[in-house]
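Worksheet: one structure, shown below.
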There are 2 protein chains.
Amino acid sequence: MRNSPARRASPIGQMRRGVASSNDSEVRNRSRRGSGRPTLADVAGLAGVGSITVSRALRDPERVSPELRQRIAAAVNELGYVPNPSARALASARADVIGVLVPSLTNNVFSEVLRGIHEGLGDCPLQIQFGNTHYSDEEEERLLRVFLGQRPSALIVSGIDQGPTTRQMLEEAGCPVVQIMEIGPDPVDMMIGFSHLEAGKVVARHLIDVGCKRIGFLGARMDPRSRRRLAGYEAVMREAGHFDAALVTTTISPSSVSMGVSLFHKALERTPDVDAVICNNDDVALGVLFACHRAGLQVPAQISIAGFNDLEMMEVASPSITSVRTPRYEIGRRAIAMARAAIAGKRPQRTVVDLGFELKIRESTMRPAVLAL
Amino acid sequence: MRNSPARRASPIGQMRRGVASSNDSEVRNRSRRGSGRPTLADVAGLAGVGSITVSRALRDPERVSPELRQRIAAAVNELGYVPNPSARALASARADVIGVLVPSLTNNVFSEVLRGIHEGLGDCPLQIQFGNTHYSDEEEERLLRVFLGQRPSALIVSGIDQGPTTRQMLEEAGCPVVQIMEIGPDPVDMMIGFSHLEAGKVVARHLIDVGCKRIGFLGARMDPRSRRRLAGYEAVMREAGHFDAALVTTTISPSSVSMGVSLFHKALERTPDVDAVICNNDDVALGVLFACHRAGLQVPAQISIAGFNDLEMMEVASPSITSVRTPRYEIGRRAIAMARAAIAGKRPQRTVVDLGFELKIRESTMRPAVLAL
DNA sequence: AACAGGGATGGTAGCGCTACCAACAGGTAT
DNA sequence: ATACCTGTTGGTAGCGCTACCATCCCTGTT
């Protein structure tokens, strides 16, 4: 019941027999090897051309005369020919695969990036080979090694803090490499993202502007990007003379809404006088909002909340939550576009692209006076 | 700067010259084809065995004597040999690829499933080939066609409502097929999920039990699974004599928290007397919670809310939200386990697995009396 | 002692495609 | 008329691996 390709193949075999040398095809039908599916040679036989011409017509139609092109298209259609990517990869020593390494799948930031990557691909015949590093350098190195074994057409990796071995492998990969999410000095090849340090600064400045002084920082899963946001916060707080190490509450445990609740409780214990919290992402911010609601703390009258990433729900939360809009989807799309351009030999003029970010100011950080309007 | 594989390959080439016939290797070095990386034959030369023995040692070590196995392992290590998956796929007419089709990446339900799939894979040498159908039958069919062109080892598809062409392609795929998320009659091959109809019934019954009568149903992105949950709701409501078509507010637009807000507003307009809403997922439920908060409606005193999926945040929301816990991660893990077993020829005895679900009753649907305790 | 049986090993011939070169037509420059 | 392009087509030889046999050796049996 589960196995009919052999049956399906037989009409094709007969078709072939009528066109190619009959001896040939009979031998082929008896053979136990082979996939039983039409090949380039079958298409070529039916169209009455050489197989290499079919190959060209499929990959680079410009180089084949319109007449042959049409005959070949008809033959492809009739046989239901689908190219064999393994054979192509083997013959050309280059797989139509783009390796993508991200640190997490749970995190909806990266699912947005992945969506951008998939949609940026459109229907071009590239495959995405996807790997989850779980925020581990060793795992990243292992996965990269596996990916390189396939001779990918390009690589997309998250962040700019690869370990030395990983860094060297990327440099020697012999294919375009795009580092995403962040920008920094010394790219391996290309880079697209924004400055997390600046983003941290902007949020902190905003809260100082609206009159907050005891501004806490809550961070779960303190990856390198979160640490840079924290560094931006710290720089601005020091400059304003407000910095206090007790205001910073972080954990390396994974981020979640409930982790936001517990980080907030811990912060309240350490610094009961906090008048604002900056969260390293929106999950944590949402947890803080819920915790405030449960504790009867008025937002923003008694405490202001700022998040990071600007998930869609931030705008409709009650109160709506100030957050930094990050171009996650756009990063995915543009990363693929850059990779494709580089594969096609047209390296973009700008190899380091700063997509920036946007502070979305909402109710959770508005001054009472403004709210009253 | 970007291109060093050629340089890296040269010591390997020299190594090879010392072992294999020197004439051979010189020709090989001059050739412009080939990846420049060590091959099975190189490993075989260094270990002093036939290449087929190396192949066996790598795929099925039991069949090679311990002594040779060790020599081969040493040679692999020394050369840094990595098998070429394309060549393997071509020669064996079978790629070590599992095709996975899901309808959405935005939806965190499916990112959990994907996480389960990736983690269920462990470090076995299978690759996941992933496709996003965007809830479109045509797109599903197109992607399936692409996947089948690679002769995957197994296929994982979402839902049980494939179109006739897709259904036929799956039946003729000649590889194990796992349908996930749902169970139903007439599986293509294997199936893992739970009954959405039952889940819909259980939630509706619970709300009736706590004394609600005008129970609304809010649904965004009404895919087949959501429709079956709605059918369960409708059946129970009819049985209780509470059904009213005006209580059902749905849209095919994508689901989101803000869509939950607007669906709730629409429902309030049509049936201002609703005393509870069942949402087809937790995003919508969260939107309802925010809308209630903004409108000053007490939850659950004035209105009860139930969600679906039991995202982590439901438990810490304020009030916490009743939801149906669905085994998303587990579905991914088990689906891969079933696929791997089938690939290995050990088809599981149970080919249709019902993982069930669990109604998590929380504050948002508690009777005032219970809350007062 | 001859033989069958089984486990370990190797040789060979592809898998389906593309890189490379060769061939040839039809034009343009010499 | 010859040489020399340029553009289209085809032949051939692999890419690196595995399926399929053949071979070898070592048992155990008659």
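Residue numbers start from 1 in every chain, and the chains themselves are labelled A, B, ... in the order their sequence lines are given, proteins ahead of strands.
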*asked:* Applying side chain to side chain contact (heavy atoms under 4.5 Å, CB included), can you list everything that pairs with A/A154, at least two apart in sequence or on another chain?
replied: A/I98, A/P176, A/A339, A/I343
_Distance-minimising heavy-atom pair for A/Q150 and B/P85_ = CG-CG, 3.6 Å
*Which pair of non-hydrogen atoms, one from B/S104 and one from B/F110, has the smallest distance, and what is that distance?*
O-CB, 3.4 Å
*Output all residues satisfying side chain to side chain contact (heavy atoms under 4.5 Å, CB included) with B/R334, sequence neighbours left out; order by chain, then residue number.*
B/I192, B/E330, B/V353, B/L355
*Any side-chain donor near an acceptor of the partner, B/R347 and B/T351, under 3.5 Å*: no
*Whether B/R167 side chain and B/Q162 backbone form a donor-acceptor pair below 3.5 Å*: no
Name the pairs: protein N/O against N/O of nucleotides 26-28 of chain D, kept only if under 3.5 Å.
none

_Pair A/E141 + A/R145, salt bridge at N-O below 4.0 Å_ = yes
_Side chain A/S92, main chain A/R88, donor-acceptor under 3.5 Å_ = yes
_Side chain of A/A91 - closest among D/dG16, D/dA19, C/dT18_ = C/dT18
*asked:* Counting C-beta onward and ignoring hydrogens, is there a side-chain heavy-atom pair between B/V157 and B/L170 closer than 4.5 Å?
replied: yes
*asked:* Using whole Å, what does the distance between atom P of nucleotide D/dC17 and atom CG of B/D96 come to?
replied: 13 Å
*Please examine the side chains of B/I128 and B/L121, heavy atoms only from C-beta on, and report whether any two atoms are closer than 4.5 Å.*
yes
*Round to a whole Å and report the spacing from CG of B/L40 to C1' of C/dC15.*
15 Å
*Salt bridge present between B/D96 and B/R151 (N-O < 4.0 angstrom)*: no
_A/S55 side-chain N/O to C/dC17 phosphate OP1/OP2 under 4.0 Å_ = no
Short N/O separations, protein against nucleotides 25-27 of chain C, under 3.5 angstrom:
none

*Roughly, in whole Å, what's the span from CG in A/L90 to P in D/dG14?*
14 Å
*For the helix from C/dA1-D/dT30 to C/dT30-D/dA1, measure the angle between the helix axis at one end and the axis at the other, each built from five pairs, rounding to 10°.*
50°
*Between A/Y81 (OH) and C/dG16 (P), how many Å, whole number?*
10 Å
*Spell out, as yes or no, whether a donor-acceptor pair under 3.5 Å connects the side chain of A/R37 to the backbone of A/Y81.*
no
*Does A/R88 have a side-chain nitrogen or oxygen under 4.0 Å from the phosphate oxygens OP1 or OP2 of C/dG16?*
no
_Within the 4.5 Å heavy-atom criterion, are A/T53 and A/L68 side-chain neighbours or not?_
yes
Nucleotide N/O of nucleotides 6-11 of chain D paired with protein N/O under 3.5 Å:
residue	atom	partner	partner atom	Å
D/dT9	OP1	A/S65	OG	2.8
D/dT9	OP2	A/S65	N	2.9
D/dG10	OP1	A/G50	N	3.4
D/dG10	OP2	A/G50	N	2.9
D/dG10	OP2	A/T53	OG1	2.4
D/dG10	N7	A/R56	NH2	3.0

*asked:* For B/R63, is there any backbone N or O sitting under 3.5 Å from a side-chain donor or acceptor partner on B/D60?
replied: no
*Figure out the CG/P separation between B/D60 and D/dA19, and round it to whole Å.*
11 Å
*Rounding to a whole Å, what distance do you find between B/R94:CZ and D/dC17:C1'?*
16 Å
*A/R37 has an atom CZ; how far is it from atom C1' of C/dC15, in whole Å?*
14 Å
